[in-house]
Protein chains: 2
Amino acid sequence: MRPSPERHGQLLATAAEVFAAEGYDATTVRRIADAAGMLAGSLYYHFDSKEAMLDEILSGFLDELREGYDAVLAAALGPRETLEALVTESFREIDRHRAAVAIYQKESRQLAAQPRFRHLADTQVHFEQAWLGTLERGVADGVFRDDLDIRLTYRFVRDTVWVAASWYRPGGLHRPEEIARQYLSVVLEGIAVPR
Amino acid sequence: MRPSPERHGQLLATAAEVFAAEGYDATTVRRIADAAGMLAGSLYYHFDSKEAMLDEILSGFLDELREGYDAVLAAALGPRETLEALVTESFREIDRHRAAVAIYQKESRQLAAQPRFRHLADTQVHFEQAWLGTLERGVADGVFRDDLDIRLTYRFVRDTVWVAASWYRPGGLHRPEEIARQYLSVVLEGIAVPR
DNA sequence: CTCCTTCCCTAACAAGTGTTTGGTAGATTA
DNA sequence: TAATCTACCAAACACTTGTTAGGGAAGGAG
């Protein structure tokens with residue numbers, strides 16, 4: 001009746017890996033139980049439902065990301081430095097919560113429509129405000145170009161950051177800070193040699 | 001026994017919309033039949049299986065995209081112009097096959113592992129070669145920066161282009177050519193004002 | 001009118017789904 | 001030693017899944 005937090009976390013991590021690898025809907029609880037070395041029913045000693053696992057996985061990541069973003073904004077840096085910090089923070093979160101980010105990236109749109117996952121939509125609005133505000137401030141300050149559709153730019157930045165979770169492998173060739181550096185270099189200066 | 005091609009295409013388009021909106025695994029054939037105004041079993045007069053629908057939807061899009069890319073490469077333009085043409089062609093395909101692209105973007109990774117969808121992996125290699133080759137040629141010619149990880153840049157370009165399918169709405173504010181223009185402007189020159 | 005083709009419905013199938021219930025081995029506590 | 005708690009198993013539950021088989025209404029062709 002009172003499962004240990006350690007085991008709880010272990011199983012949650014296992015579930016996250018399977019969800020990320022095979023998709024939430026395509027994943028059966030028996031598949032998760034297999035990966036954890038137990039039977040399907042036994043999972044219900046630790047969790048209320050399959051949905052509850054997903055909820056906990058996403059919330060764990062999103063709460064931490066929100067904290068990270070808020071800390072960046074609280075630092076009150078210039079717009080360019082804020083953008084750099086937001087991007088770097090994002091790639092760090094991808095490094096720490098790769099599976100959760102991959103799941104979020106794939107399922108958030110449909111989940112946000114479900115009543116149970118309404119909080120995803122709220123969180124998205126919060127993040128959007130962080131990015132859009134920074135971009136607008138940058139345009140106003142003259143450090144970002146003013147001839148771009150700012151909403152389109154926001155989507156470009158957001159999407160490219162988060163899709164990285166689909167190919168990023170922790171312990172791989174690139175550290176998150178290095179990816180952030182290269183990514184920022186492209187977004188800020190472009191890939192063309194100035195002519 | 002010999003369904004008409006028109007009805008076949010209609011139903012395929014309906015299925016594509018539902019797949020794109022709710023995800024392939026989460027979509028039941030009864031849901032598709034509902035959207036088409038018929039019963040689940042009736043679909044099997046037109047299609048062999050749910051998988052066959054998906055296969056046909058993806059192949060229709062991928063074949064056309066492959067033709068488009070090949071035509072661009074055959075034109076033998078400079079690297080920068082080739083990149084511009086590839087991006088523009090991609091956004092045009094998103095405009096024409098929005099649903100198919102959204103499905104492809106979300107499911108291709110897992111599908112490529114299935115034997116039936118092996119051809120997806122082949123196609124991906126083909127596309128990767130088109131992009132990577134263009135980037136490499138550009139670096140060699142001195143029109144693209146040589147201080148970037150070219151593979152990272154490729155992923156950046158690829159992901160941002162295709163992820164647009166998840167928010168793009170045909171008939172919306174932006175025409176595909178306009179999106180391509182703005183996108184290219186960001187990728188080539190960056191969002192920062194040169195200092 | 002009759003035959004044939006097209007397109008759909010009705011009704012069911014076996015397999016797989018998330019979940020529940022009752023039980024139990026083994027450690028921990030009293 | 002006895003009682004309790006933790007973490008799992010065994011077996012089943014109601015329901016949904018993709019799919020199939022047979023039938024029939026509508027319309028054109030002979």
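Every value quoted in this text rests on a predicted model; they were computed, and no experiment measured them. Chain letters run A, B, ... following the sequence lines, proteins first, then strands; residues in each count from 1.
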Item to check | Charged N-O contact under 4.0 Å between E189(B) and R80(B) | outcome: yes

Checklist entry - Over how many whole Å does the gap from M38(B) atom CE to dC7(C) atom C1' extend? => result 8 Å

Item to check | Chi angles and distances behind the salt bridge (charged side-chain N to carboxylate O under 4.0 Å, His left out) call for E128(A), R155(A) | outcome: CA-CA 9 Å; E128(A) 179 174 329; R155(A) 283 171 183 152; over 6 Å; no

Checklist entry - Do the ring planes of H8(B) and F47(B) sit parallel (below 30°), tilted (30 to 60°) or perpendicular (above 60°)? => result tilted

Checklist entry - Could you state the CZ-C1' distance from R31(A) to dG16(C), rounded to the nearest angstrom? => result 16 Å

Next on the checklist: Quick check on DNA chain D: between S42(B) and S42(A), whose nearest nucleotide comes earlier from the 5' end?
Outcome noted: S42(A)

Checklist entry - Which residue lies toward the 5' end of DNA chain C, D48(A) or T28(A), if each is placed at its nearest nucleotide? => result T28(A)

Next on the checklist: Does either side chain, that of S59(A) or that of D55(A), offer a donor lying less than 3.5 Å from an acceptor on the other one?
Outcome noted: yes

Checklist entry - Taking NZ from K50(A) and C1' from dC15(D), how many angstroms apart are they, rounded to a whole number? => result 15 Å

Item to check | Nucleotide nearest H46(B) (side chain, heavy atoms from C-beta), chosen from dC8(D), dC8(C), dT19(C) | outcome: dC8(C)

Checklist entry - Hey, is the side chain of R7(B) poking within less than 4.0 Å of OP1 or OP2 on dC8(C), counting only N and O atoms? => result yes

Checklist entry - Any sub-3.5 Å donor-acceptor pair from T160(B)'s side-chain atoms to F156(A)'s backbone N or O? => result no

Checklist entry - In whole angstroms, how far is the P atom of dC9(D) from the OH atom of Y45(A)? => result 13 Å

Checklist entry - Which of these nucleotides, dT17(C), dT17(D), dC8(C), is closest to any side-chain atom of R30(B)? => result dT17(D)

Checklist entry - In whole angstrom, what separates L39(B)'s CG from dG18(D)'s C1'? => result 15 Å

Checklist entry - Can you tell which of dT19(D), dT20(C), dA7(D) lies closest to the side chain of Y44(A)? => result dT20(C)

Item to check | Rounded interatomic separation in angstrom, taking CE from M53(B) and P from dT19(D) | outcome: 8 Å

Checklist entry - How long is the line joining CG of L43(B) and C1' of dC8(C), in whole Å? => result 10 Å

Checklist entry - Within this structure, what is the CG-to-C1' distance between D25(A) and dT17(C), rounded to whole angstrom? => result 12 Å

